[in-house]
Protein chains: 2
Amino acid sequence: MHSPELLKGTLQTIILKLLADNGKMYGYEITQKVKDLSDKSLQLTEGSLYPTLHKLEAEGLLKTEKVSMGKRVRKYYFLTPLGESTSIQKIQDFEAFMKTMFQVLQLSPKLA
Amino acid sequence: MHSPELLKGTLQTIILKLLADNGKMYGYEITQKVKDLSDKSLQLTEGSLYPTLHKLEAEGLLKTEKVSMGKRVRKYYFLTPLGESTSIQKIQDFEAFMKTMFQVLQLSPKLA
DNA sequence: CGTATTACCTAAGACTCCAATGTATTTAAG
DNA sequence: CTTAAATACATTGGAGTCTTAGGTAATACG
């Protein structure tokens, strides 16, 4: 597990990028996908996920669609056009920030 | 300027690394160095710097030394042995986190 | 049939950082 | 020489973000 503080500020970026890549996803699916892609080193908890999803929805970056699966109702989240452009923007911001951090920390950018 | 949220969690790392590289530094010097290394895209404000320095000192990672410059008293901060090892650790944590983020965001690690 | 997993969510609090503010000295500009 | 900018220390109140802990319920598996 990483120092949890480092995750701060990146959650929205992660969510938006996943939705941009995968189309509609539901909350639990997002937590599993993050765990998967990060080899279990990022544990996206529901306590941070759902408030963030609701916030992004309130800001008009996401919309939701409810789909019945038997008795269970699954809630899918997907990007609005604004969400799509914001997603791209956030990725660029993140990349620029990384570049800056490498400069400030004077690290060689070997991350492959 | 970057999205300020992204800076969260990296401040201690930046400060420790700068002190590890430069030996003793005083507060104002740190703000200028960060501005410098980041081509002005990171503005480390005093409201975040000094509380962080004091916290690191309270945790035993830093010590201070007061040096008189005429009438002005300059306060130098420098790493303790614990601070030095923590600095190395934090850099490693940061690098590992970056790697993970590239995986999760599915970006190619071209940052040079 | 009970436990793990799937699936949604909220509330209280911790923590981090920022904006604003305050004090005082030194240097540069007019 | 006086005044504005830069140097230099710091605190406080608040905003925002995430975590811990909790709550509900359906489904799958043994």
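In what follows, chains are A, B, ... by sequence order, proteins preceding strands, each numbered from 1.
Among the atoms of the strands shown, none is found under 4.0 Å from any heavy atom of A:Y76. As judged by a 4.0 angstrom heavy-atom cut-off over every strand, B:G27 is placed among residues touching the sugar-phosphate backbone only.
At a threshold of 4.5 Å between non-hydrogen side-chain atoms, the residues A:H54 and A:Y77 count as touching.
Look at CG on B:L44: it is 14 Å from P on D:dA10, rounded to the nearest Å. As rounded to whole Å, 4 Å separates atom P of D:dA8 from atom CZ of B:R74. The CD1 atom of A:I14 sits 14 Å away from the P atom of D:dT17 (whole-angstrom rounding). Here the P atom of nucleotide D:dA8 and the NZ atom of B:K66 are 16 Å apart, to the nearest Å. Atom OH in A:Y50 sits about 4 Å away from atom P in C:dC8, given to the nearest Å. In this entry the distance linking CE of A:M25 with P of C:dT6 reads 14 Å, nearest Å. Look at CD on B:E46: it is 9 Å from C1' on D:dT7, rounded to the nearest Å. In this structure, the CG atom of B:L49 is 15 Å from the C1' atom of C:dA19, given to the nearest Å.
Judged purely by distance below 3.5 Å, without hydrogens or angles, the side chains of B:D93 and B:Q89 pair a donor atom with an acceptor atom. Checking B:K90 against B:Q12 by side-chain atom types alone, a donor-acceptor pair falls below 3.5 Å.
Taking every side-chain heavy atom of B:S48 into account, C:dC18 is the closest of C:dT26, C:dC18, D:dC9. Of the candidate nucleotides D:dC18, D:dT7, C:dA7, C:dA7 has the atom nearest to the side chain of A:R72. Checking C:dT26, C:dC8, C:dT16 against the side-chain heavy atoms of A:Y28 singles out C:dC8 as nearest. Side-chain atoms of B:K75 lie closest to D:dA10 of the nucleotides C:dC8, C:dT25, D:dA10.
Judged by distance alone, the side chain of A:E29 and the main-chain N or O of A:Y26 form a donor-acceptor pair under 3.5 Å. When atom types are taken as modelled, the side chain of B:T64 and the backbone of B:Y76 share no donor-acceptor pair closer than 3.5 angstrom. Although no hydrogens or angles enter the test, the distance criterion places a donor-acceptor pair under 3.5 Å between the side chain of B:T80 and the main chain of B:L61.
Both A:G47 and A:M69 lie near DNA chain D, and the one whose nearest nucleotide falls closer to the 5' end is A:G47. Taking the nucleotide of DNA chain D with the nearest heavy atom to each of A:T45 and B:E29, the more 5' of the two is matched to B:E29.
Note that A:K24 lies in the cation-pi zone of A:F78, set by a 6.0 Å cut-off to the ring centre and a 45° limit from the axis.
Of the residues in residues 53-63 of chain B, those lying under 4.0 Å from DNA chain C by heavy-atom distance are B:K55.
When the side-chain nitrogen and oxygen atoms of A:Y26 are compared with OP1 and OP2 of C:dA7, one or more of them lie within a distance under 4.0 Å.
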